[in-house]
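Quick notes on the structure that follows.
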Amino acid sequence: MADTPESTVNPAAPRTLAEKVWQDHVVVPGEGAGEAQTPDLLYIDLHLVHEVTSPQAFEGLRLAGRPVRRPDLTIATEDHNTPTLEIDKPIADPVSAKQIQTLRDNAREFGIRLHSLGDAEQGIVHVVGPQLGLTQPGMTVVCGDSHTSTHGAFGALAFGIGTSEVEHVLATQTLPLKPFKTMAINVEGTLRDGVTAKDIILAVIAKIGTGGGQGYVLEYRGSAIRSLSMDARMTICNMSIEAGARAGMIAPDETTFEYIKDRPHAPQGQDWDAAVRYWSSLPTDEGASFDAEVFLDADALEPFVTWGTNPGQGVSLSDTVPSPEQFDDPNAQAAAQRALEYMDLAPGTPMKDIRVDTVFLGSCTNSRIEDLRTAASIIQGQAKDEDVRMIVVPGSARVRLQAEAEGLDRVFKDFGAEWRFAGCSMCLGMNPDQLAPGERCASTSNRNFEGRQGKGGRTHLVSPVVAAATAIRGTLSSPSDLTAGQSQFQEA
Amino acid sequence: MEPFARHAGIGVPLKQSNVDTDQIIPAVYLKRITRTGFEDALFAGWRKDPDFVLNREPYSSGSVLVAGPDFGTGSSREHAVWALKDYGFKAVLSARFADIFRGNAGKQGLVAAEVDQQDIELIWKELENHPGTEVIVDLQGRTVTCGAVTAGFQLDDYTRWRLMEGLDDIGLTLRTEAEISAFEAARPPFKPATLPARTA
Ligand code: SF4
């Protein structure tokens with residue numbers, strides 16, 4: 001990101017991870033400086049496509065008589081509209097069916113690889129890329145979907161784009177872009193039991209606000225981040241967009257290399273060695289400076305849950321629903337007031353007293369194999385609260401197969417949860433998986449906007465750990481509440 | 001894309017912050033595969049309320065939306081911009097826009113003008129006291145005028161130039177085809193390709 005004269009004039013100056021990846025992809029540098037600077041033309045290494053944001057882009061190509069420049073750097077999957085039950089039957093909703101059929105037609109016409117419903121590699125676009133080994137450090141990755149930030153967990157510069165940009169990348173494999181600023185999110189310390197990557201990112205968002213990351217690439221750093229698995233790092237980078245940032249990144253390290261090695265599209269032989277050498281040169285240099293920095297103490301973190309209708313409206317699970325007067329800013333006050341009405345919550349209510357109707361385990365935030373393992377380990381041998389329905393939607397068909405190979409599906413089914421096929425599902429309710437008006441849900445997804453999971457539905461964003469414990473108790477809970485509850489029960 | 005120089009149209013006060021893309025156009029409307037015809041989808045949830053500003057004359061025929069801060073947060077859906085344009089909006093004024101929304105707007109010829117919240121509030125007052133007042137958006141001078149209120153706005157030079165010229169992005173980039181090909185020839189061999197397909 002050549003917005004400081006030093007970094008262009010002196011290539012040996014210390015640089016951040018984001019700056020390195022950016023500079024390695026500049027095809028045509030922008031001209032001028034500061035506000036007047038024209039965009040850099042950036043090369044795109046991987047373009048992920050799904051059925052919702054692509055039809056109009058393909059239509060644009062057809063209208064202009066343009067081909068797809070690099071079908072070999074493009075991959076498509078069906079996820080947003082796909083049903084999670086009876087996937088062998090025709091899709092009932094004619095509009096969903098048409099959108100999916102359009103993607104199939106476009107993929108065939110333009111020569112793009114597509115993983116369709118029923119295929120073992122089908123699934124949420126952000127789960128599919130990494131699991132195939134297509135997402136690698138130092139790449140530029142784009143998709144017509146804001147949660148493309150997920151791929152930043154590998155040290156890739158990955159961000160969501162609009163449909164015009166999708167068309168632009170299809171036609172040119174490049175994007176004109178202005179450099180982002182950089183923000184370091186330092187998370188030091190050790191997470192307590194039952195506290196997860198989801199709690200880190202929800203706490204970050206509550207701290208900097210839903211607009212706090214605007215214009216920045218966030219780089220998550222520090223001992224707490226280093227100790228996370230790739231699945232957990234993806235959860236964090238995934239929700240960078242909820243902090244207002246377009247991209248989040250984590251420096252590649254042994255954990256990253258280990259994850260990629262031997263995946264279908266991992267580099268082989270000499271290429272692997274060359275790749276690892278390059279990847280190892282990417283982490284932010286000693287002495288490089290960020291435009292902003294934020295610090296978070298991992299030791300102090302508790303499970304985090306949202307009470308409102310934007311992802312920044314969250315508190316620790318042991319806290320109470322805040323009252324609007326607690327906010328200084330009049331806009332935040334009004335937003336809180338409106339959120340409390342929509343969520344039907346009274347200030348002062350302990351979060352743990354909030355009863356839910358539904359638990360949704362899924363979405364590109366928390367639907368990878370580790371998320372399923374974590375939730376399964378908590379519910380194993382426990383009984384589900386009778387009035388709660390729990391829906392488990394693996395992020396991809398591959399994750400589903402893996403979970404079944406490990407017997408996790410049995411654990412979920414024995415518990416009384418619904419074991420579904422892969423897709424976005426109740427994360428945004430474009431398929432039949434929706435909340436009814438007034439229905440309250442503990443959801444491992446990423447957005448709690450009004451009506452996001454179904455018209456009038458009320459969403460509390462939670463980690464898979466909290467989702468599992470909540471399904472057992474029926475109210476927002478963590479596993480530590482379970483032990484307490486049980487011992488009380490035994491005493492009585 | 002139509003060149004944009006100056007627009008005068010009825011201002012619509014939308015006195016809310018954090019108007020996210022799910023409110024601008026709910027997800028159910030994303031199922032369409034066309035590029036036009038999204039006017040019915042704009043603020044579909046809120047428009048069920050008869051008191052919503054777009055259900056009231058003369059605001060219903062407005063073409064300049066004057067909104068609270070953090071407009072267009074949430075998803076990358078460009079449909080949000082299409083819906084605003086299809087309804088007839090030419091410009092949105094807000095103290096702060098979500099990045100992706102602003103980018104999408106610039107590409108589609110919708111002016112996303114960043115106006116100080118103080119000025120937004122003055123314009124709101126003007127529009128409420130005198131419904132039907134026109135807001136004049138002057139891209140050349142980067143000013144908005146509404147009744148007695150005149151304010152400057154922020155819009156980066158590049159987006160402004162393209163809006164004024166009505167330039168198509170892809171055509172612009174394809175002028176550098178030689179540079180793109182040279183870049184491709186120098187890409188490291190270890191970079192992955194999706195084809196031929198390998199699966200687990
Ligand atoms: S799971 Fe949800 S957030 Fe992720 S891509 Fe699908 S709809 Fe978007």
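Throughout, a chain's letter reflects where its sequence line sits, starting with A, and its residues are numbered from 1. Nothing here was measured: the structure is a model prediction, and the numbers come from that model.
Centroid-to-centroid, the aromatic rings of F180(A) and Y216(A) stay 6.0 Å apart or farther.
For chain B, the option among R69(A), R398(A), M139(A) with the highest count of heavy-atom pairs below 4.5 Å is R69(A). The candidate with the highest count of non-hydrogen atom pairs below 4.5 Å against chain A, out of V81(B), T199(B), D157(B), is T199(B). Taking R452(A), H168(A), M430(A) one by one and counting their heavy-atom pairs under 4.5 Å with chain B, the maximum is reached by H168(A). Of all the listed residues (D262(A), L41(A), N446(A)), the one sharing the greatest number of non-hydrogen pairs under 4.5 Å with chain B is L41(A). Comparing W272(A), F58(A), Y278(A), F449(A) by heavy-atom pairs within less than 4.5 Å of chain B, the highest count is held by F449(A). Interface check for chain A: of the options N104(B), L172(B), T73(B), L30(B), the most heavy-atom pairs under 4.5 Å are formed by L30(B). Between chain B and the residues T38(A), I75(A), T74(A), T53(A), the largest count of heavy-atom pairs under 4.5 Å involves T74(A). Counting heavy-atom pairs under 4.5 Å between each of I170(B), T173(B), I100(B), L195(B) and chain A puts I170(B) at the top. Counting heavy-atom pairs closer than 4.5 Å to chain B, the top-ranked of the candidates S164(A), G162(A), P267(A) is S164(A).
Contact annotation for E450(A): both backbone and side-chain heavy atoms come within less than 4.5 Å of a heavy atom of chain B. Contacts of L73(A) with chain B are made by both backbone and side-chain atoms, with heavy-atom separations under 4.5 Å. Proximity to chain A involves both the backbone and the side chain of D169(B), based on heavy atoms less than 4.5 angstrom apart. Proximity to chain A is absent for every atom of W161(B), based on heavy atoms less than 4.5 angstrom apart. With a 4.5 Å cut-off on non-hydrogen atoms, V28(A) touches chain B through its side chain but not through its backbone. Interface remark: P188(B) contributes no atoms to any contact with chain A (heavy atom separation under 4.5 Å). The contact between T176(B) and chain A is made entirely by side chain atoms (from C-beta outward), counting heavy-atom distances below 4.5 Å. Proximity to chain B is limited to the backbone of A266(A), based on heavy atoms less than 4.5 angstrom apart. Using a 4.5 Å cut-off between heavy atoms, T135(A) makes no contact with chain B at all. Interface remark: S17(B) contributes side-chain atoms only to the contact with chain A (heavy atom separation under 4.5 Å). The contact between N18(B) and chain A is made entirely by side chain atoms (from C-beta outward), counting heavy-atom distances below 4.5 Å. For chain A, no part of T36(B) is nearby; none of its heavy atoms comes within less than 4.5 Å. Proximity to chain A is limited to the side chain of P69(B), based on heavy atoms less than 4.5 angstrom apart. For a residue to count as touching a neighbouring chain, one of its non-hydrogen atoms must lie under 4.5 Å from one of that chain's; by this rule L134(A) touches chain B with backbone and side chain alike. Contacts between R162(B) and chain A at a heavy-atom distance below 4.5 Å are absent for every atom of the residue. For chain B, the nearby part of V26(A) is the backbone; its heavy atoms alone come within less than 4.5 Å.
Proximity of a side-chain donor or acceptor of N448(A) to a complementary backbone N or O of G308(A) within less than 3.5 Å is detected. With Q140(B) contributing its side chain and R6(B) its backbone, the two residues share no donor-acceptor pair below 3.5 Å. Of the possible donor and acceptor atoms, one in the side chain of H265(A) sits under 3.5 Å from a partner among the backbone N and O of A193(B). The backbone N or O of D72(A) lies less than 3.5 Å from a partner atom in the side chain of T194(B), making a donor-acceptor pair. The main-chain N or O of T140(A) is found under 3.5 Å from a side-chain atom of D45(A) such that the two form a donor-acceptor pair. Between the side chain of H7(B) and the backbone N or O of I136(B) there is no donor-acceptor pair closer than 3.5 Å. Judged by distance alone, with hydrogens and angles left aside, the side-chain atoms of Q37(A) form no donor-acceptor pair with the main-chain N or O of E31(A) at under 3.5 Å.
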Using the rule given for ring pair (Phe, Tyr, Trp, His ring centres under 6.0 Å), can you reason through F38(B) versus H79(B), listing the C-alpha separation, both sets of side-chain angles and the distance that settles it, and then say yes or no? CA-CA 8 Å; F38(B) 285 93; H79(B) 308 65; 5.6 Å; yes
For T159(B) and D156(B): C-alpha separation, side-chain torsions, deciding distance, then whether side-chain hydrogen bond (donor to acceptor under 3.5 Å, both in side chains) applies. CA-CA 6 Å; T159(B) 305; D156(B) 66 279; 2.8 Å; yes
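Donor-acceptor pairing under 3.5 Å is lacking for the side chains of H25(A) and D40(A). A side-chain donor from one of E57(B) and S60(B) sits under 3.5 Å from a side-chain acceptor of the other. In the model, D105(A) has a side-chain atom that pairs as donor or acceptor with a side-chain atom of Q101(A) under 3.5 Å.
Contact residues of residues 105-120 of chain B toward chain A are K107(B), Q108(B) (heavy-atom distance under 4.5 Å).
A distance of 10.5 Å separates CD of Q23(B) from CZ of F71(B), quoted to the nearest 0.5 Å.
Around atom NZ of K98(A), no more than 12 heavy atoms belonging to other residues, nucleotides or ligands sit under 6.0 Å away.
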